[in-house]
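In what follows, chains carry the letters A, B, and so on, assigned in the order in which the sequence lines appear, proteins first and then strands, with residues in each chain numbered from 1. Values in this document were obtained by computation on a predicted structure and should not be read as measured data.
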There are 2 protein chains.
Amino acid sequence: MNSENKNLGIKELAILAEVSIGTVDRVLHNRGGVSSETKKKVLKIVEDSGYKKNIIASRLKLAATSVIRIAILVPETKNDSNYWSLPLQGVDAAVTELSVFGISAEYFFFDLLHPKSFGERIDPIIDGNFDAIITVPFFEAESNRLLARARKQDMPVVFLDTERTLNSKGNFIRQNSFIAGMVAGRLLHGLVGSQGIYFVVNIVNERGKQINNYQRENGFRAFFSENYKSDQIEIHVINHPMEGELDLTPEIQQAFQIAQPKGIFVTNARSYMLPRLLESNNIVNTRIIGFDLNQKNVAYLKSGAIDFLINQKPQYQGYCALKGLYKYLTEEEDSQLNMDIPVEIVVKENVSFFEND
Amino acid sequence: MNSENKNLGIKELAILAEVSIGTVDRVLHNRGGVSSETKKKVLKIVEDSGYKKNIIASRLKLAATSVIRIAILVPETKNDSNYWSLPLQGVDAAVTELSVFGISAEYFFFDLLHPKSFGERIDPIIDGNFDAIITVPFFEAESNRLLARARKQDMPVVFLDTERTLNSKGNFIRQNSFIAGMVAGRLLHGLVGSQGIYFVVNIVNERGKQINNYQRENGFRAFFSENYKSDQIEIHVINHPMEGELDLTPEIQQAFQIAQPKGIFVTNARSYMLPRLLESNNIVNTRIIGFDLNQKNVAYLKSGAIDFLINQKPQYQGYCALKGLYKYLTEEEDSQLNMDIPVEIVVKENVSFFEND
DNA sequence: GACAAAACCGTGTACGTTAACGAATGTAGT
DNA sequence: ACTACATTCGTTAACGTACACGGTTTTGTC
């Protein structure tokens, strides 16, 4: 509590400790070459004075010689409207913002359908001597391998989009899918009521359901069992392949044909497939909630065919990951390496605010 | 398009233009003392090279000698849970984040009920030679006076919370209240339906309705006339004093007593007054939507007595205002002095994400 | 054409941090 | 006592920008 208000620098510290600037610097950076006696003396002054390094000056000096390099490993995208181009946009925005501070990103891609393609990127990244890695934990074994290798080199890893328990602690910046499911439950129940029938629709590729699909469904069910258990709400699950025809069981066919209001929860970004599908099967009186603000979803939201969308803010995830890593690497501050992205509720009237973030 | 990728500095510019660093600097800052010929030559190099000043180095140099000072003029708050302490929290956060860049804030307060108290702060602020002002445009005449005085001194002014047409152009960081009203309309109609009856409740102080109350009500009505005009939806307006008893006209009494679902839209932060009021009048089957995440509102949201809250993100407004001003004052970049704060929809399940922003 | 004043422009220093370099002292081995 | 080497620490030069200072050239005046 001596003089914490005045922002003093290394020079002042040096004077107080009666040593040179170089010695203070060696202590602050643990560069060695300082007797334990002087080290202790300097550390005491550092503590007492509440010294905080001036990152401006620090980055000015460092950016010139050593740029922070971050490896980004994400699913490859065929076109720019693909979901996976969005976190990249956020990363790019952060890189632009911070480039003067000396930071850069390099991109690596893998194939969502082939874990091996992810595994093959691990070596180049680790050998590339990057300062940190941003990726996505889709494949358990491969994610564990990446994490283990990165730990050995002291490279922090930030995982986006999905949380997954791994062998050692990773950092996650993603939306809580269970809560997102609960929110979907509340919104849909508000529209459909306890008399309605509910459908959870998983539109998945050949690798089947992902963690997010499961957790969103669990959250959705949890909402009903916590709030409307006694109402005996009927919930059907439909697993629909991404390509090809919908194979409706007779039971589900029947459920769809009743007159009561029907609530449909699509557990990923493909809710835009529903309106046409419902129409061609003459299914009416339906409400739909889905994820993500892709063009088709937004178009249906605006036309009224989709009622709610939940935004995962993929750009923001990429942006936060890069900024968080920067903060960690320059200030040892890890509080921004783990984030719960808000479950953002989007309707026709407020969609314009979110379309570009 | 020559070499826009390489971030080159004044020294390189000087070499290219075959002048000294000092001359380039004089050109860049319009400090005079340069012949129009060399000025032109330097400017050409500056343009071609896509030079961008290194703010890091710039602020390092400047922060030592001249700190940017910003005046904040907001309603006085009796306690910390008051709404008006929230933008201040955001300003504080931004000041902490940027203090190393050389920025500081000084606070001035006025009384929400007395325009004169606002007017009396104008002189001290203008005479204080601040670099910019952040305030709130509650009083038209006084806001115009402040803006006119500030313009003369080239002080930018950012207004928070409310948009208002003034004699000259000001900067606004606030939520679009009309759209917020439309969103409220959609959410409430989803719960209540076209068979229901709607109430717009303005809980106001002795100065009566504010701009935001009007615009939210207009937006609410617009939602229904755009989407459900033919349904002939019934909308009652209740103007309730902040203190004292609710004076329900017989007509409204009657509307409240019918069995149909009733939707209540509270146009400001005091929706927490409704649940008790409804209960003591034996009014049932109601849905409520209001604004702001104050403690009481959040408690009712969690208990289920309030269905939706709309977040204006007051902290974020303050944060953005300060950061936007910083960017403007250091980089002449005014794109962040005007912002449409997203209309954020909050329910019980996702309220935890927003409670502290 | 001499001289002062004005116009123009290069040099140098500082901001706080970083790290290379080398000076000074100590220790060990012959 | 000499060299060889390790330990500890001070000095100094950057990073890119900002600006004061003072030096050089041009212009104006009689």
Side-chain angles (χ1 to χ4, degrees), chain A residues 6-43 45-46 49-68 98-103 329-332, chain B residues 6-43 45-46 49-68 98-103 329-332:
Chain A
K6 197 80 182 171
N7 264 353
L8 71 185
I10 289 192
K11 208 198 296 184
E12 285 81 12
L13 291 187
I15 294 172
L16 285 173
E18 293 173 322
V19 293
S20 75
I21 292 183
T23 300
V24 175
D25 184 66
R26 267 183 290 266
V27 171
L28 287 174
H29 292 88
N30 262 317
R31 280 201 279 130
V34 183
S35 73
S36 63
E37 206 177 345
T38 29
K39 183 168 176 180
K40 212 188 297 176
K41 188 169 63 175
V42 171
L43 277 178
I45 302 284
V46 172
S49 66
Y51 168 78
K52 287 215 64 182
K53 103 167 124 188
N54 183 325
I55 24 164
I56 299 277
S58 174
R59 289 316 298 170
L60 174 61
K61 184 65 176 71
L62 289 177
T65 57
S66 75
V67 166
I68 293 176
L98 296 179
S99 69
V100 70
F101 291 77
I103 197 161
L329 293 169
T330 57
E331 304 178 48
E332 325 267 291
Chain B
K6 197 80 182 171
N7 263 353
L8 71 186
I10 289 190
K11 207 200 294 184
E12 286 79 13
L13 291 187
I15 295 172
L16 284 175
E18 295 172 319
V19 293
S20 76
I21 293 183
T23 301
V24 175
D25 184 67
R26 267 182 290 264
V27 172
L28 288 174
H29 293 87
N30 263 316
R31 282 202 277 128
V34 183
S35 74
S36 63
E37 206 178 342
T38 30
K39 183 169 176 180
K40 212 187 297 176
K41 188 168 62 174
V42 171
L43 277 178
I45 301 284
V46 171
S49 66
Y51 168 79
K52 287 216 64 184
K53 101 167 123 186
N54 184 324
I55 26 163
I56 299 276
S58 173
R59 291 314 298 169
L60 174 62
K61 185 68 177 68
L62 289 177
T65 55
S66 77
V67 166
I68 292 175
L98 296 178
S99 70
V100 69
F101 291 77
I103 195 161
L329 293 168
T330 59
E331 306 178 47
E332 325 267 291

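In this structure, A:Ser35 does not reach the D:dT7 phosphate: none of its side-chain N or O atoms is under 4.0 Å from OP1 or OP2. Taking 4.0 angstrom as the limit, B:Thr23 places a side-chain polar atom (N or O) nearer than this to OP1 or OP2 of C:dG10.
Summarising the geometry, atom OG belonging to B:Ser66 is positioned 6.0 Å from atom CZ belonging to B:Arg59; distances are rounded to the nearest 0.5 Å. If you take OG1 on B:Thr38 and CG on B:Leu43, they are separated by 10.0 Å, rounding to the nearest 0.5 Å. Here the straight-line distance linking atom CD of B:Glu18 with atom CG of B:Leu13 works out to 13.0 Å at 0.5 Å rounding. To the nearest 0.5 Å, atoms CG (B:Leu60) and CG (A:Leu60) are separated by 6.0 Å. Once rounded to the nearest 0.5 Å, the distance linking CG of A:Asn54 with NZ of A:Lys61 reads 14.5 Å.
Look at NZ on A:Lys40: it is 17 Å from C1' on D:dT8, rounded to the nearest Å. Rounded to whole Å, atom C1' of D:dA18 lies 15 Å from atom CD1 of A:Ile56.
By the 4.5 Å heavy-atom criterion applied to side chains, B:Glu331 and B:Ile55 are counted as neighbours.
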- Message: I need a per-nucleotide contact map over nucleotides 13-20 of chain C, read 5' to 3'. Cutoff is protein heavy atoms under 4.0 Å; write B for the base, S for backbone only, - otherwise.
- Response: -BBBBBB-
